[in-house]
Student: 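My structure is below; once you've seen it, I'll send some questions.
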Amino acid sequence: MLAEFHQLESILREFVFLTQQRSHQFESQNLAQLLRSVTQVAQEEAPAHQMVLEIDDVEETCLWCDQSQIRQVFIHLLSNAVESMPDGGTIRIRALRSGHDQVMIQIVDKGCGMSEERLKRLGEPFYSTKEKGTGLGLMITYKIIQYHDGYIHFSSAPNQGTKVEVYLPLNRPTDTA
């Protein structure tokens, strides 16, 4: 009963996030520090799954973002990667500049992977590849990335793992007011 309560609480939190008109706290954030802190949070869950999270090739650069939202995005993506590998393994994270004004953050797992049909439906409300999933986590992830003027791309194949690429602008948008 307690597990169901926590599941309901999580769903309600996600609905509140979707309906709130919050003032966002955009500021310059060190991307390497942000990814290290998110990885540390995900690593706390990983030992139970015999998981190793490795950060490769993260350039010391700053990202203009709402830190709490971007943290939520990467915690969610890493949690999905961990859950896709029930027998453990390694998840690789890297971040590289993409052009002069963007950064690409890549998360690669060797988990169960997804079919092309499932990939096409990612981000749809209430569509989940998990038995107890709500489908809201990835929908919120897509919304946050879109709000940050970025985009996200998934590539995967059954039993081959999944690669997630998140592209975000590095600089503060120019004011048009």
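None of the values given here were measured: they were computed from a predicted structure. No hydrogens, no waters, no symmetry mates; every other heavy atom, side chains included, goes into these values.
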Student: Which residues pass the side chain to side chain donor-acceptor pair (under 3.5 Å) test with S28, not counting sequence neighbours?
Tutor: none
Student: Of all residues at least two apart in sequence or in a different chain, which pass the side chain to side chain donor-acceptor pair (under 3.5 Å) check with E27?
Tutor: Q29
Student: Shortest non-hydrogen contact from P86 to E83?
Tutor: CD-O, 4.0 Å
Student: Donor-acceptor pair, S84 side chain versus A81 backbone, under 3.5 Å?
Tutor: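 Judged by distance alone, yes, a pair lies under 3.5 Å.
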Student: If you link ILVMFWY side chains whenever their heavy atoms are less than 4.5 Å apart, which other residues fall into the same cluster as Y151? By chain and number, please.
Tutor: M104, Y167
Student: Mind checking the OG1-CG spacing from T141 to L77? Nearest 0.5 Å is all I need.
Tutor: 5.0 Å
Student: Do V108 and L119 share a hydrophobic cluster, counting only Ile, Leu, Val, Met, Phe, Trp and Tyr and linking them when any side-chain heavy atoms are less than 4.5 Å apart?
Tutor: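 Different clusters.
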Student: Just how far is it from atom CD1 of I75 to atom CG of N80, taken to the nearest 0.5 Å?
Tutor: 12.5 Å
Student: Taking the side chain as every heavy atom from C-beta outward, state whether Q67 and Q25 have any atom pair closer than 4.5 Å.
Tutor: no
Student: Would you please name every residue forming a side chain to side chain donor-acceptor pair (under 3.5 Å) with Q102, sequence neighbours left out?
Tutor: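 By the side chain to side chain donor-acceptor pair (under 3.5 Å) rule, Q102 matches no residue at all.
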Student: Using side chain to side chain contact (heavy atoms under 4.5 Å, CB included), reason through K110 and T90 one step at a time and then give a plain yes or no.
Tutor: CA-CA 7 Å; K110 297 295 182 190; T90 301; over 6 Å; no
Student: How many angstroms lie between CG in L53 and CZ in R92, if you round to the nearest 0.5 Å?
Tutor: 11.0 Å
Student: In Å, rounded to the nearest 0.5 Å, how long is the span from CG of L96 to CZ of R94?
Tutor: 4.5 Å
Student: For residues I145 and H148, determine if any side-chain heavy atom of one lies less than 4.5 Å from a side-chain heavy atom of the other.
Tutor: no
Student: Using side chain to side chain donor-acceptor pair (under 3.5 Å) as the criterion, list what pairs up with T162, not counting sequence neighbours.
Tutor: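 For T162 the side chain to side chain donor-acceptor pair (under 3.5 Å) partners, ignoring immediate neighbours, are S156.
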Student: Do side-chain atoms of D66 reach the backbone of F26 as a donor and acceptor pair under 3.5 angstrom?
Tutor: no
Student: Name every donor-acceptor pair, under 3.5 Å, that has one atom in a side chain of residues 30-39 and the other anywhere in the protein, sequence neighbours excluded.
Tutor:
{"unit_1": "N30", "atom_1": "OD1", "unit_2": "A32", "atom_2": "N", "d": "3.0"}
{"unit_1": "N30", "atom_1": "OD1", "unit_2": "Q33", "atom_2": "N", "d": "2.9"}
{"unit_1": "N30", "atom_1": "ND2", "unit_2": "E60", "atom_2": "OE1", "d": "3.1"}
{"unit_1": "S37", "atom_1": "OG", "unit_2": "L34", "atom_2": "O", "d": "2.9"}
{"unit_1": "S37", "atom_1": "OG", "unit_2": "R71", "atom_2": "NH1", "d": "2.6"}
{"unit_1": "T39", "atom_1": "OG1", "unit_2": "L35", "atom_2": "O", "d": "2.7"}

Student: Any idea which heavy atoms bring G150 and L168 closest together, and the distance?
Tutor: CA-CD2, 4.2 Å
Student: Are side-chain heavy atoms of L170 and R97 found at a separation under 4.5 Å?
Tutor: yes
Student: Give, for atom CD1 of I152 and atom CD1 of I144, the distance between the pair rounded to the nearest 0.5 Å.
Tutor: 10.0 Å
Student: Say you draw a straight line from CD of E165 to OG of S155; how long is it, rounded to the nearest 0.5 Å?
Tutor: 6.0 Å
